[in-house]
Visitor: 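Handing you this structure, nothing more for now.
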2 protein chains.
Amino acid sequence: MPKVTDAYREARRDEIARAALRVLERNGVRDTSIADIVEESGLSTGAIYSHFSNKVELARYVVGRFLLPRLDALEAAGDRDEIVTPRQALRGMLTAFSEAGLSTTLVLQFWGEAMVEPGLHDEMLRTAGRLRAALTHAIGPWARAQTGGAVPAPDAASAAPEASGELGPAEALAAATARSIVALAQGYIANTAVFGPRDVDEYLAGTSAVLGC
Amino acid sequence: MPKVTDAYREARRDEIARAALRVLERNGVRDTSIADIVEESGLSTGAIYSHFSNKVELARYVVGRFLLPRLDALEAAGDRDEIVTPRQALRGMLTAFSEAGLSTTLVLQFWGEAMVEPGLHDEMLRTAGRLRAALTHAIGPWARAQTGGAVPAPDAASAAPEASGELGPAEALAAATARSIVALAQGYIANTAVFGPRDVDEYLAGTSAVLGC
DNA sequence: ACCTGAACACCGTTCAAGT
DNA sequence: ACCTGAACACCGTTCAAGT
């Protein structure tokens, strides 16, 4: 396949996806029809179906392309072996999310849709998987500090537990903690979408008080 | 209007709503058509439209009728002037929710729909309002214990702050804390719906650890 | 190969006609 | 007054025909 054509196809897919995102943010998932995207993009129905096999595949593309907040800072922190506490990781994620200007109501609508569209559910799990991996990586140093002072180099060949597919205690702690961080982020998104904006630090303080910190 | 007719109408509305809930739990919000509810209920299209003016009004009725966990225990605790901490109130709510057997995926779908249907959004806010009121009431004694030892009787005529529409410090604390309790419950529901079931106490322990308890 | 737009099956809602 | 079910406008998707 010639490079130009591939690049052209990718650009067209992006052009359609961007038009779709504009209409989605304006009208919501339920009230966005293919006809709306046709109008917004200036293309025809058939043109869209020659780039996406159906509406769900277009939605999957939009999720993967635009709905994941930038994880670079999070990943870099893990690389630098800085001690990032789970609370700091959560705060960083929510701040990045707020600054990205992504509509929480749109995210909540996609979650709802994902409950009923297996293709969309898979894409959300893939997106969430990358997020959890980045979080697990970022809080790795913290987890190793928690589970005894020994800090094995990440690339060190390891003994029986890993060989038999089990995680070391630090890895297990980091992975379990990552799920809770994601849960708290989901709480922030759902609460904000339903009841209106709330300051990130106020949310952290409020939830801490509830749990007894 | 004769009593019998009113009772009959109410019973019919309930019969339709129960049929709708069965199909909703089976197929999800997006994949449930009026035709499905017609089939499940054994009535005709027109019969359903003679009891609900449209699909959203039927959805509102289902939400108000079946989707609110029982709050009785929570309200009774506030009445008895027991000290219920926010964490205990959250735990009680989540346990009641789990025991009620309500599908978290269905709740998440309704939240998504509510983002785009004003009628459904209003009903969710009304439902959430009752929940927050019950929580505020239940943690009232705790809030009063927090904000200085003085515990004014709830029915005592009060001084300037309340008269001018402001809340006393205990009431303000209870109200703000109630929002955070709801946010943590939303996090549990969204996380469970997307990633699968999780034990309530494990969720509480995990989120506490993230926030630094 | 990409694109057009009329055609198709199905959706929520309405309404003349029955009881 | 409650109910029936055919009819209507609109949706996602397909496909013969164009370039």
Side-chain angles (χ1 to χ4, degrees), chain A residues 1-17 19-21 23-24 26-63 109-110 112-114 116-120, chain B residues 1-17 19-21 23-24 26-63 109-110 112-114 116-120:
Chain A
M1 308 172 203
K3 275 275 164 65
V4 248
T5 302
D6 271 15
Y8 172 79
R9 272 198 72 81
E10 201 50 46
R12 257 290 148 92
R13 283 170 72 92
D14 242 66
E15 183 189 344
I16 294 167
L21 186 64
V23 191
L24 284 166
R26 206 159 58 227
N27 299 345
V29 172
R30 184 207 169 100
D31 287 350
T32 293
S33 66
I34 293 287
D36 294 329
I37 300 169
V38 165
E39 194 178 5
E40 179 78 23
S41 68
L43 298 171
S44 70
T45 315
I48 286 172
Y49 277 90
S50 73
H51 287 279
F52 298 97
S53 60
N54 54 44
K55 207 185 174 182
V56 170
E57 207 213 299
L58 172 52
R60 280 167 51 121
Y61 187 83
V62 170
V63 168
Q109 289 170 64
F110 271 113
E113 289 291 313
V116 93
E117 285 289 348
L120 213 48
Chain B
M1 306 174 205
K3 273 278 165 60
V4 248
T5 301
D6 271 15
Y8 172 80
R9 271 197 72 82
E10 201 51 46
R12 258 285 147 94
R13 284 171 70 92
D14 242 65
E15 184 189 343
I16 294 167
L21 186 63
V23 191
L24 284 166
R26 206 160 55 227
N27 299 344
V29 172
R30 184 208 169 101
D31 287 349
T32 293
S33 66
I34 294 287
D36 294 328
I37 300 169
V38 164
E39 194 178 5
E40 179 78 24
S41 68
L43 299 171
S44 69
T45 316
I48 286 172
Y49 277 91
S50 73
H51 287 279
F52 298 97
S53 61
N54 54 43
K55 205 184 174 183
V56 169
E57 208 213 299
L58 172 52
R60 280 168 50 121
Y61 187 82
V62 170
V63 168
Q109 289 170 66
F110 271 114
E113 289 291 312
V116 93
E117 285 289 348
L120 213 48

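Every chain is numbered from 1, with letters handed out A, B, ... down the list of sequences.
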Visitor: At what distance, to the nearest 0.5 angstrom, does CD of B/Q109 lie from CG of B/D31?
Guide: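 Taking CD in B/Q109 and CG in B/D31, the distance rounds to 8.5 Å.
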Visitor: Tell me, do B/V116 and A/V29 make a side-chain contact under 4.5 Å, heavy atoms counted?
Guide: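 Of all side-chain heavy-atom pairs linking A/V29 with B/V116, none is under 4.5 Å.
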Visitor: Between C/dC11 atom P and B/D36 atom CG, what is the distance in whole Å?
Guide: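 Whole-Å distance recorded here is 7 Å.
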Visitor: Would you sketch DNA chain D in dot-bracket for me? Only Watson-Crick or G-U wobble pairs with both distances under 3.5 Å count, crossing pairs as [ ], other-strand pairs as |, the rest as dots.
Guide: ||.|||||...|||||.||
Visitor: Which atom pair, heavy atoms only, marks the closest approach of B/K55 to B/I34?
Guide: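 The answer is CG-CD1, 3.9 Å.
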Visitor: Calculate, to the nearest 0.5 Å, the distance between atoms CD1 and CD1 belonging to A/I37 and A/I16 respectively.
Guide: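 Reported to 0.5 Å precision, the distance equals 9.0 Å.
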Visitor: Mark up nucleotides 12-19 of chain C, 5' to 3', with B wherever a protein heavy atom is under 4.0 angstrom from a base atom, S wherever such an atom reaches only the sugar-phosphate, and - elsewhere.
Guide: SBB-----
Visitor: Measuring from atom CD of A/E39 to atom OG of A/S33, what distance do you get when rounded to the nearest 0.5 angstrom?
Guide: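 OG of A/S33 is found 9.0 Å from CD of A/E39.
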Visitor: Expressed as a whole number of angstroms, how long is the span from A/I48:CD1 to C/dG5:P?
Guide: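 Going from CD1 in A/I48 over to P in C/dG5 covers 13 Å.
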Visitor: Below 4.5 Å, heavy atoms only, C-beta onward: do B/V38 and B/I48 meet side chain to side chain?
Guide: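 B/V38 vs B/I48: side chains touch.
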Visitor: Could you check whether any side-chain heavy atom of A/F110 comes within less than 4.5 Å of a side-chain heavy atom of A/L24, counting everything from C-beta outward?
Guide: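 They are in side-chain contact.
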Visitor: Can a side chain N or O of A/R9 be found less than 4.0 Å away from OP1 or OP2 on C/dA1?
Guide: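 Checking C/dA1 against A/R9, no side-chain N or O comes under 4.0 Å of OP1 or OP2.
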Visitor: May I have the distance from A/E39 (atom CD) to D/dC10 (atom C1'), rounded to whole angstrom?
Guide: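 Rounding to the nearest Å, CD of A/E39 and C1' of D/dC10 are 15 Å apart.
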Visitor: For the pair made of CG in A/L43 and P in C/dC2, what is the distance, rounded to whole Å?
Guide: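 From A/L43 CG to C/dC2 P: 13 Å.
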Visitor: Roughly how far apart are A/Y8 OH and A/E15 CD, rounded to 0.5 Å?
Guide: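 Rounded to the nearest 0.5 Å, the OH-CD separation comes out at 8.0 Å.
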Visitor: With distance as the sole test, does B/R60 use its side chain to make a donor-acceptor pair with the main-chain N or O of B/G119 at under 3.5 Å?
Guide: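 Checked: pair present.
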Visitor: Let me know the distance between CD of B/E10 and P of D/dC2, rounded to the nearest Å.
Guide: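 It is 12 Å, rounded to the nearest whole Å.
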Visitor: Starting at CD1 of B/I37 and ending at P of C/dC10, how long is that distance when rounded to a whole Å?
Guide: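 Nearest whole value for this atom pair: 18 Å.
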Visitor: Roughly, in whole Å, what's the span from CG in B/D31 to P in D/dC11?
Guide: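 So the two atoms are 18 Å apart, to the nearest Å.
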Visitor: Can you tell which of D/dT4, C/dG5, C/dC2 lies closest to the side chain of B/A47?
Guide: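 Of D/dT4, C/dG5, C/dC2, D/dT4 is nearest to the side chain of B/A47.
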